[in-house]
Asker: 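What follows is a single structure, and I will ask about it in a moment.
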Amino acid sequence: MEKSSEESGALLEADSAIDNAQISIQNVSMVYRGRSGWINKITKRTSKDYVALSDINFDIAPNTFVTIIGPSGCGKSTLLSLIAGLTMPTSGAVFVNGDRIYKPGPDRGVVFQNYALMPWLTVAENLHFAIETVYPQMSLADRKSRVYEYIELVGLKGAEKKHPHELSGGMKQRVGIARALAIDPEILLMDEPFGALDALTRGFLQDEVARIWEQKRKTVVMITHSIEEALLLSDKIVMMKRGPAAGIDEILDVNFPRPRSRENLDQQAGYHDLKAEMEDHLMRETRAVEAARI
Ligand SMILES: Nc1ncnc2c1ncn2[C@@H]1O[C@H](COP(=O)(O)OP(=O)(O)OP(=O)(O)O)[C@@H](O)[C@H]1O
């Protein structure tokens with residue numbers, strides 16, 4: 001439960017010691033380009049470039065559950081989108097199993113906060129469509145059995161023929177998770193998957209994700225705003241600094257034994273120290289973001 005390292009520069013050294021890094025983020029910076037020559041009629045300002053991320057370095061070993069936490073707007077989604085291959089970094093590179101990423105791939109399944117389901121397809125069809133897209137050669141029988149395997153895994157048996165509008169938020173997110181897992185990715189990327197859910201449903205789904213992770217042992221990178229969620233699920237917690245030019249402040253190791261239970265998590269050695277450290281970090285960074293706005 002000790003800190004991995006203090007500064008992002010040191011992180012590179014410390015974490016590049018992972019020989020078998022599955023995900024390697026190397027010197028990654030991301031600049032969103034302003035519209036040159038465009039002048040806002042109200043503020044009379046030109047649209048400037050925005051440096052979202054600056055020189056991010058860290059490695060993730062296989063089968064690790066990593067959460068990313070940081071103040072709003074610090075670049076968490078940008079970082080996840082770079083790992084997903086949905087966005088290319090302005091400089092630096094992301095590697096998966098040693099290969100540089102240029103686009104999304106079946107080795108990386110993505111779960112979005114807003115579910116991103118196809119509303120005209122049923123639950124089963126949403127999964128089927130994803131499997132068919134990634135594995136066009138797979139036989140119909142195998143595709144169907146895979147659809148039902150994952151529907152069962154996330155506890156949606158009986159809801160196969162329902163359309164997304166007939167489902168609760170928690171059920172929709174189960175479909176999102178099942179769809180991402182059904183393509184059997186090595187890596188699961190989740191952008192605040194429980195952010196839109198009420199506290200109770202969120203708790204249920206956290207437990208489900210923990211259970212599925214025990215079973216499937218994918219490498220997971222998940223964004224969260226919840227300290228408790230991060231402590232319940234993670235092996236490592238990446239704490240990001242505020243932007244612009246956001247970077248990594250610290251990476252915390254969470255060594256609580258698994259399977260974990262939310263009921264007694266706060267009795268684990270080091271729990272309160274880790275929680276206090278995260279609270280301090282988020283308070284400090286969020287306060288600075290607010291101060292910059294005034
Ligand atoms: N396409 C874009 N063009 C310009 N700026 C962008 C774009 N996408 C994100 N940004 C800016 O980059 C910064 C990082 O955004 P990002 O969504 O990655 O942060 P975040 O940490 O995920 O935020 P939140 O916690 O609020 O979801 C923000 O200041 C955002 O306004």
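Whatever order the structure lists them in is the order used to number ligands and atoms, beginning at 1.
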Asker: Test of understanding: given a 4.0 Å heavy-atom threshold, classify the contact between H225 and ligand 1 as side chain, backbone, both, or neither.
Answerer: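 It is the side chain that gets close, since no backbone atom is under 4.0 Å.
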Asker: For I227, is there any backbone N or O sitting under 3.5 Å from a side-chain donor or acceptor partner on K275?
Answerer: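 Checking the backbone N and O of I227 against the side chain of K275, no donor-acceptor pair under 3.5 Å is found.
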Asker: If you measure from atom 21 (O) of ligand 1 to every heavy atom of K76, M240, R242, which option wins on shortest distance?
Answerer: K76
Asker: Is it true that the NZ or CZ of R179 lies under 6.0 Å from the centre of F129's six-membered ring and within 45 degrees of the ring axis?
Answerer: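 No.
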Asker: Taking E285 as the fixed residue, which of R242, M239, M240 is the one that meets the side chain to side chain contact (heavy atoms under 4.5 Å, CB included) rule?
Answerer: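 Going through the options one by one, the only one that passes is R242.
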Asker: Tell me if a side-chain donor or acceptor on H272 pairs with a main-chain N or O of D266 at a distance below 3.5 Å.
Answerer: yes
Asker: Using a side-chain heavy atom cutoff under 4.5 Å and only I, L, V, M, F, W and Y, what cluster partners does V31 have?
Answerer: V51
Asker: Please list, in number order, the atoms of ligand 1 under 4.0 Å from a heavy atom of S77.
Answerer: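 Per the distance check, 17 (O), 18 (O), 20 (P), 22 (O).
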Asker: What is the nearest protein non-hydrogen atom to atom 26 (O) of ligand 1, stated with its residue, atom name and distance?
Answerer: S72 OG, 2.6 Å
Asker: Does ligand 1 have any atom sitting under 4.0 Å from a heavy atom of R33?
Answerer: no
Asker: Could you identify the single nearest non-hydrogen protein atom to atom 23 (O) of ligand 1 and state the distance to 0.1 Å?
Answerer: G73 N, 2.9 Å
Asker: Give, for atom CE of M222 and atom CD of Q206, the distance between the pair rounded to the nearest 0.5 Å.
Answerer: 7.0 Å
Asker: Return yes when C74 approaches ligand 1 closer than 4.0 angstrom through a heavy atom, no otherwise.
Answerer: yes
Asker: In the complex you have, is atom 17 (O) of ligand 1 within reach of the protein, judged by whether a heavy-atom distance drops under 4.0 Å?
Answerer: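 When distances to the protein are checked, atom 17 (O) of ligand 1 has a heavy atom within 4.0 Å.
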Asker: Please go through F95's hydrophobic cluster and name the other residues, only I, L, V, M, F, W, Y counting, with side-chain heavy atoms under 4.5 Å joining them.
Answerer: none
Asker: So is G75 in contact with ligand 1, going by heavy-atom distances below 4.0 Å?
Answerer: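 Yes, G75 has a heavy atom closer than 4.0 Å to ligand 1.
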Asker: Closest non-hydrogen protein atom to atom 30 (C) of ligand 1, residue and atom name please, with distance?
Answerer: Y50 CE2, 4.9 Å
Asker: Let me confirm one number: the OG-CG distance from S77 to L82, rounded to the nearest 0.5 Å.
Answerer: 10.5 Å
Asker: Identify the protein heavy atom lying closest to atom 15 (O) of ligand 1, giving its residue, its atom name and the separation to 0.1 Å.
Answerer: T78 OG1, 3.8 Å
Asker: Closest non-hydrogen protein atom to atom 10 (N) of ligand 1, residue and atom name please, with distance?
Answerer: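 Result: Y32 CE1, 3.3 Å.
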